[in-house]
Amino acid sequence: MQNKQDENRIIASSLTYTYPEAAKNAVDGVTMRVKKGEFLAILGHNGSGKSTLAKLFNALYVPSAGTVWVCGLDTRDDDLVFDIRQHAGMVFQNPDNQIVATVVEEDVAFGLENNGVEPKEIRVRIDEALKAVNMTKYAKKAPHMLSGGQKQRVAIAGVLAMKPDVIILDESTAMLDPSGRQEVMNTVHRLNKEEGISVVIITHYMAEAATADYVIVMDGGKIAMSGTPREVFTQVQRVRELGLDVPPMTDLAYMLRKNGVNVRADVLTVDEMVEEVCRLSSSN
Amino acid sequence: MSIVIEQLNYVYMSGGPYETKALSDINLTIGDGEFIGLIGHTGSGKSTLVQHLNGLLMPSSGRILVDGLDLADKATDRRAVRRRVGLVFQYPENQLFEETVEKDIAFGPKNLGLDENEIARRVKDAMRRVALDYDELHERSVFELSGGQMRRVAIAGVLAMEPQVLVLDEPCAGLDPRGREEILSLIRNLHKEAGTTIVMVSHSMDDVASLAERVIVMNHGEVVMDGAPRDVFSCGEELRGMGLDVPQAVMLAQKLREKGYDIPEGLYRTEEIMAEIMKIAGKEAQHA
Ligand SMILES: Nc1ncnc2c1ncn2[C@@H]1O[C@H](COP(=O)(O)OP(=O)(O)OP(=O)(O)O)[C@@H](O)[C@H]1O
Ligand SMILES: Nc1ncnc2c1ncn2[C@@H]1O[C@H](COP(=O)(O)OP(=O)(O)OP(=O)(O)O)[C@@H](O)[C@H]1O
Ligand SMILES: [Mg+2]
Ligand SMILES: [Mg+2]
């Protein structure tokens, strides 16, 4: 295991979690990993175990069986919980549950102060984090006066200031308007590319999942499918059986093929569909 | 039955240091049997507006007439209005409170003073409409349901009032794609079969495009666009400038036009753009 830790941020081995008195395991024998610098999307129908899995990664829950290592740290070890949360930062669906302070910059600083980071260093980190999410202007504002999308960005800044190795976003764009959603996605993609931070997003938006390096589909607490977005979404029927859908352009490609139009089955984006149409008409 | 909104203004925390003007001079008529998609950036005033439609919020100025009845008029029977206009809140599961699914759905009809038999009939009918199995779930605690099931119970509670106008604030947020598709087809059927007037608030341009017959766009408390989906969604630049977007089909049509393909303006549904691509590929649609 030891030398693998360098390339993997999170390793889960037969990871299982059962809620008290629940008849079934919410997470049931999951084995997977999140690589250094990887952008991973976790999909699955309501109740399939995605949030429970995320909470196991963040040491909010302790495994009922199996193990999860976050940057080499075993989450079963109580003494490591604090360190683990430094390495793996989580942003929840509803930012109201996450924002604690009455001024934006104090909220961003909250985790750092608790951590005993030097005041000078705290200042630097606040400024960097707010800049990264485009919220410098709002540093002195009260969080409750911000819109949903702005609050969500403050919550992300709070996680960034901790300089984690992995950011986990649990449906963090569900309440946002289209540009708010796009901004949050752009921010995490940039951090992933430029800073090499691993990203795990949990989402019901297939078009967002299509931008990931790798996709995992959960069903009944187990991993039902995994692969690159292309590998997963081209299995249109299987994906639908699991209560999900495919990105709109993949669906269009699927319908076109059913009608005898020979476009590639693994189209994910509008630009790829444009390419396919150009290819078709030039070969006609 | 129509709803007329005249010169509506609404201010939160009026006079205080945090005074917020949420709605400015709204004028709208919602006709009988319409299907309206209401879109706008976060904080644009959508939820504030829809809460006026059944008298939950009262205008700071201006008026709302529901079937000719002025909601602000003391003589108007508010209960009669709530019976006609059903509102499903944003995150309605926060409002479930009765101990069982059946009791929760029966709450509204009970308040209407209906008799036991009629209440039982309505609860069963509403559960059937939202695809909740009565035998399996009527005794279940609402807190032991999945997110999608809770959303359905909340919608069933409003349907059991048998409203003529159904207002839904983000009915699909947080639902998985199958749950979303089920809720959307339920709404589509209510509109088609029962002729229910629908006002649906949504951040999904694709959902609005696939259902609405009229799209109203809000921006900073004002109505800035109001028209057929094909007209509204042909204003991609303006929509993006307001934090919104166009359905992916519209984006595809636009990019194909830029490549020199002759795609008619105003297409916004996936089936329409598919038919165009079939033409380009020299195929006739077998079933479109
Ligand atoms: N606090 C809890 N107590 C008991 N059971 C729970 C609790 N939270 C979740 N569950 C159950 O565990 C299972 C997995 O839930 P989880 O929240 O992980 O699903 P999810 O995939 O995140 O779903 P969603 O898409 O609706 O957010 C479900 O069957 C759910 O009912
Ligand atoms: N209870 C309240 N007290 C004070 N201000 C409020 C309240 N509710 C909403 N506002 C403010 O009124 C404006 C309109 O809010 P509203 O909730 O109607 O927007 P919305 O379009 O529904 O947004 P979203 O898409 O985020 O749900 C916003 O500026 C908001 O901050
Ligand atoms: Mg969840
Ligand atoms: Mg709202």
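Only this structure's heavy atoms are used, side chains among them; waters, hydrogens and symmetry mates stay out. On a predicted model such as this, the values are computed, not experimentally measured, just so you know.
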Specify the closest pair of heavy atoms between [X] and [Y], including all atoms of both residues, with the distance to one decimal.
X	Y	result
B/Pro177	A/Gly243	CD-O, 3.8 Å
A/Ser179	B/Gly243	OG-CA, 2.7 Å
A/Pro178	B/Met205	CG-CE, 3.8 Å
A/Asp177	B/Thr42	OD2-N, 2.8 Å

query = Under 3.5 Å, side chain of B/Asp176 to main-chain N/O of A/Asn46, donor-acceptor pair present?
reply =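 Yes; at least one donor-acceptor contact below 3.5 Å.
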If you count every heavy atom of other residues, nucleotides or ligands that lies below 6.0 Å from [X] atom [atom1], does the total exceed 12?
X	atom1	result
B/Lys21	NZ	yes
B/Asp262	CG	no
B/Glu19	CD	yes

**Q.** chain A contacts, top residue of B/Ile39, B/Leu252, B/Asp245 (heavy-atom pairs, under 4.5 Å)
**A.**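 Highest number of pairs under 4.5 Å: B/Leu252.
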Separation of [Y] [atom2] from [X] [atom1] (nearest 0.5 Å):
X	Y	atom1	atom2	result
B/Arg178	A/Leu242	CZ	CG	8.0 Å
B/His41	A/Leu176	NE2	CG	13.5 Å
A/Ser281	B/Lys279	OG	NZ	15.0 Å

With a 4.5 angstrom heavy-atom cut-off, is it the side chain or the backbone of [X] that approaches chain B, or both, or neither?
X	answer
A/Ala207	side chain
A/Arg181	side chain
A/Met206	side chain
A/Leu43	neither
A/Glu241	backbone

| message | Counting C-beta onward and ignoring hydrogens, is there a side-chain heavy-atom pair between B/Leu175 and A/His204 closer than 4.5 Å? | response |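 The answer is no; the side chains never approach within 4.5 Å.
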Compare all side-chain heavy atoms of A/Asn259 with those of B/Met274 and state whether any distance is below 4.5 angstrom.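 Touching, per the 4.5 Å side-chain cut-off.
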- [ ] Determine, stepwise, if the pair B/Lys259 / A/Val277 fulfils side chain to side chain contact (heavy atoms under 4.5 Å, CB included).
- [x] CA-CA 10 Å; B/Lys259 292 274 179 193; A/Val277 174; over 6 Å; no
Exercise. Give the intermediate values and the outcome of side chain to side chain contact (heavy atoms under 4.5 Å, CB included) for residues B/Thr270 and A/Met255.
Key: CA-CA 10 Å; B/Thr270 307; A/Met255 292 194 297; 4.0 Å; yes
